[in-house]
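What follows is a single structure, written as structure tokens, with notes after it.
Throughout, protein chains are lettered first and strands after them, A, B, ... in sequence-line order, and every chain is numbered starting at 1.
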2 protein chains.
Amino acid sequence: MDHTGDPRPRAVTIYDVAREAGVATSTASRALSNPGRVSDRTRAHVAAVAERLGYVPNRIAQALPSGRTGLFALVIPDITNPHHVGLIRGAEAAAAAAGHSLVLADSQEDAAIELAHLRRLASFVDGFLLVSPRSPAAELAAHLARPAAVFNRPLAGLPGVVADVDAASAHIVGHLVGLGHRRIAYLRGPVTSWADGERRRTLADHAARHGVGFAELGPFAPVLGSGPSAAEAGLGSGATALVAFNDLIAIGVLQHLERSGVSVPGRVSVVGADDVFGASFCHPPLTTVTSPAEAAGRALVGLLTGTAPEDPVLPSTLVVRESTGPTP
Amino acid sequence: MDHTGDPRPRAVTIYDVAREAGVATSTASRALSNPGRVSDRTRAHVAAVAERLGYVPNRIAQALPSGRTGLFALVIPDITNPHHVGLIRGAEAAAAAAGHSLVLADSQEDAAIELAHLRRLASFVDGFLLVSPRSPAAELAAHLARPAAVFNRPLAGLPGVVADVDAASAHIVGHLVGLGHRRIAYLRGPVTSWADGERRRTLADHAARHGVGFAELGPFAPVLGSGPSAAEAGLGSGATALVAFNDLIAIGVLQHLERSGVSVPGRVSVVGADDVFGASFCHPPLTTVTSPAEAAGRALVGLLTGTAPEDPVLPSTLVVRESTGPTP
DNA sequence: TTGAAAGCGCTAACAG
DNA sequence: CTGTTAGCGCTTTCAA
């Protein structure tokens with residue numbers, strides 16, 4: 001049996017409420033959504049009738065004149081990424097608290113899909129939450145027909161929050177150099193990722209400042225499956241410390257190294273980023289840099305609802321675990 | 001500077017297109033969305049004008065008369081749960097493929113919030129995807145003003161898919177008994193979860209069939225943090241095998257046991273459910289039962305779009321890793 | 001094949 | 001404080 005047909009039994013409208021209450025529709029409307037501009041008695045009466053009839057406002061109809069739906073679109077390169085889950089959660093909670101809902105749009109690391117989302121959803125949402133958008137800035141601007149807040153990508157004219165990548169790199173290099181490492185290799189992420197560019201730049205910077213060797217390898221897709229190729233490239237580079245674009249790659253590297261019998265951190269140290277679920281109990285537990293994902297999600301929503309976050313750059317902290325150790 | 005203000009520069013409407021093309025709005029509308037009922041020349045002309053003007057249909061306006069928004073609401077007890085992420089991904093992909101988008105609603109394991117979502121979003125979406133809904137069936141039915149497809153909870157009159165819990169329990173008990181275990185304890189999940197009820201029933205069933213002892217402990221919140229209390233309860237029960245409601249609890253138990261110096265599977269065996277990210281590399285790697293989450297998400301969407309899945313019960317498989325072993 | 005006009009449900013002037 | 005009326009942008013009868 002198919003139960004997917006439309007069961008809508010001609011919903012009760014504000015006209016029904018108004019008629020039943022014996023007032024004009026505008027009065028009913030005001031009584032329900034703009035109290036104060038109507039007498040207490042009328043308001044109470046209308047409310048009672050609405051309640052009795054089981055009236056639920058049609059939000060589409062409400063949205064047509066106002067142009068506001070109470071919906072935000074969350075555009076993400078990859079829903080699967082555990083790190084993004086924290087951001088989603090924070091954004092959802094903040095949106096819910098503000099009476100909004102989130103429309104999810106996965107762009108699969110693809111700029112064209114990303115832009116298509118911006119276009120398709122524009123008339124439907126009050127704003128966009130752009131997580132590490134991959135499209136060229138010009139295209140983004142051209143397709144953006146709604147307010148937007150951006151995570152991890154400074155874009156002219158758009159508010160946003162970013163992780164403190166420079167601080168993260170400083171932490172990482174400082175930690176590694178302190179352990180005696182003289183050759184560091186960075187396992188790159190997506191070329192279209194702003195964070196990746198920043199990571200390369202600042203890592204190279206801090207490495208130079210400390211006078212240690214630095215190499216870039218990749219790019220690699222930011223998924224577990226990149227582990228083997230990234231690990232091999234890292235090993236081949238002669239570096240004693242591997243810094244991965246994110247934890248997924250790092251954990252993949254760890255798994256490959258363990259299978260290959262390469263000791264971590266005995267032979268090489270490995271550092272990740274994001275502190276995803278699992279980073280604390282992979283093998284060995286992963287040293288990683290992280291910034292508060294839920295806070296990022298909340299901040300994005302805040303930017304759209306008028307609550308600017310205190311600081312648009314989120315602190316980065318280094319979580320030292322067992323995947324890093326003294327140089328061999 | 002605040003850029004969150006509405007930048008909408010009076011979007012081009014179908015009236016603009018019609019006027020510019022020198023036809024009636026109805027003709028323009030047909031040309032754009034109901035081709036075939038209009039001459040080829042007119043259609044092409046209108047399309048060209050629309051293109052040139054950068055016309056993008058206002059989906060809210062489209063939705064008002066039709067009542068269809070192309071939005072589905074995905075109502076989940078807990079977005080944070082890694083297992084649900086797979087389902088979200090599958091649902092998003094299937095929805096996108098069908099030209100729909102997903103509105104995310106986290107009910108935080110709370111029936112009241114869940115029902116509030118159903119009410120708030122009803123007029124906005126074409127249907128609901130209910131993931132393990134926690135509310136009483138009667139309330140659910142009363143609040144559901146739209147078609148719905150349900151995951152992991154058989155509900156009269158509503159289509160849905162469920163994991164094959166009985167098969168999962170059979171696998172688990174068979175595996176454990178084969179290893180010599182005679183006393184099994186189940187670490188319960190949320191009391192409002194249908195899956196939990198099924199798990200209890202079928203586990204008890206299969207244990208009885210094999211003539212082995214069975215105990216129920218809990219309930220425990222389905223999160224990592226329940227590990228310590230669940231582990232202690234399990235240890236105290238005298239069971240040699242602990243079967244957790246889900247992997248989060250199981251991994252939490254594993255962590256607590258490791259910290260407490262209790263050998264797994266030397267002293268007790270541990271089984272989880274869902275095979276979440278991390279289950280393969282926690283310590284020791286977790287034996288767990290799982291069913292295809294992405295497929296579940298796709299199936300739910302299929303139920304709403306008219307593509308009924310071949311089989312409404314998803315296969316359960318047992319992934320044997322190192323957290324289970326011979327009885328001490 | 002095309003045009004004119006009504007209406008989806010609600011809000012917001014504008015009067016009274 | 002309350003009622004009348006005009007749209008929001010689009011689709012869809014109903015005529016022509």
Side-chain angles (χ1 to χ4, degrees), chain A residues 6 8-47 49-50 53-70 120-126 145-146, chain B residues 6 8-47 49-50 53-70 120-126 145-146:
Chain A
D6 194 335
R8 225 171 322 166
R10 192 173 299 288
V12 11
T13 75
I14 200 167
Y15 290 108
D16 301 320
V17 175
R19 181 169 6 85
E20 190 73 10
V23 301
T25 55
S26 55
T27 300
S29 174
R30 277 187 292 252
L32 262 18
S33 51
N34 202 355
R37 304 194 58 72
V38 78
S39 86
D40 268 10
R41 268 190 63 256
T42 312
R43 196 197 46 62
H45 179 220
V46 171
V49 172
L53 264 41
Y55 169 71
V56 178
N58 180 327
R59 300 189 52 192
I60 300 188
Q62 286 184 308
L64 224 210
S66 71
R68 308 183 13 78
T69 57
R120 275 181 44 81
L121 294 173
S123 58
F124 242 134
V125 301
D126 297 340
R146 280 285 188 281
Chain B
D6 194 335
R8 224 172 321 165
R10 191 173 298 290
V12 10
T13 74
I14 201 168
Y15 289 108
D16 301 320
V17 175
R19 182 169 5 87
E20 189 73 11
V23 299
T25 55
S26 55
T27 301
S29 173
R30 279 186 290 252
L32 262 17
S33 50
N34 202 354
R37 305 194 58 73
V38 76
S39 85
D40 270 9
R41 267 189 64 255
T42 311
R43 196 198 46 63
H45 178 221
V46 171
V49 171
L53 264 39
Y55 169 71
V56 178
N58 179 326
R59 300 187 53 192
I60 301 189
Q62 286 184 309
L64 224 210
S66 70
R68 308 184 14 79
T69 57
R120 276 180 44 81
L121 293 173
S123 59
F124 241 136
V125 301
D126 297 340
R146 281 285 187 282

Tabulate below the donor-acceptor pairs under 3.5 Å that side-chain atoms of residues 25-32 of chain B make, not counting sequence neighbours, or state none.
none

Heavy-atom closest contact (A:V46 atom, A:A21 atom, distance): CG2-CB, 4.3 Å
Interface limits on DNA chain D, where chain B has a heavy atom under 4.0 Å of a nucleotide atom: D:dG9 to D:dT13
Any donor-acceptor pair under 3.5 Å from B:R146 side chain to B:A122 backbone: yes
List the atom pairs, with distances to 0.1 Å, where a side-chain N or O of residues 53-61 of chain A and a protein N or O form a donor-acceptor pair under 3.5 Å, not counting sequence neighbours.
| unit_1 | atom_1 | unit_2 | atom_2 | d |
| --- | --- | --- | --- | --- |
| A:N58 | OD1 | A:I60 | N | 2.8 |
| A:N58 | OD1 | A:A61 | N | 3.1 |
| A:R59 | NH1 | B:R120 | O | 2.9 |
| A:R59 | NH2 | A:T69 | O | 3.1 |

Non-neighbouring partners of A:T42 that pass side chain to side chain donor-acceptor pair (under 3.5 Å), sequence neighbours left out: A:S39
If you restrict it to nitrogen or oxygen atoms, what contacts under 3.5 Å exist between nucleotides 7-11 of chain C and the protein, and what is each distance?
| unit_1 | atom_1 | unit_2 | atom_2 | d |
| --- | --- | --- | --- | --- |
| C:dC8 | O2 | B:P65 | N | 3.3 |
| C:dG9 | N2 | A:A61 | O | 3.4 |
| C:dC10 | OP1 | A:Y55 | OH | 2.7 |
| C:dC10 | OP1 | A:N58 | N | 3.3 |
| C:dC10 | OP2 | A:I14 | N | 2.4 |
| C:dC10 | N4 | A:Y15 | OH | 2.5 |
| C:dT11 | OP1 | A:Q62 | NE2 | 2.9 |
| C:dT11 | OP2 | A:S29 | OG | 2.7 |

By side chain to side chain donor-acceptor pair (under 3.5 Å) - contacts of B:S33 (at least two apart): none
Straight-line distance of B:I14 CD1 to B:Q62 CD, nearest 0.5 Å: 8.5 Å
Any pair counted as salt bridge (Lys or Arg N to Asp or Glu O under 4.0 Å), so long as it reaches residues 17-28 of chain B, sequence neighbours left out: B:D16-B:R19, B:E20-B:R52
Net bend of the helix from C:dT1-D:dA16 to C:dG16-D:dC1, end axes of five pairs each, nearest 10 degrees: 40°
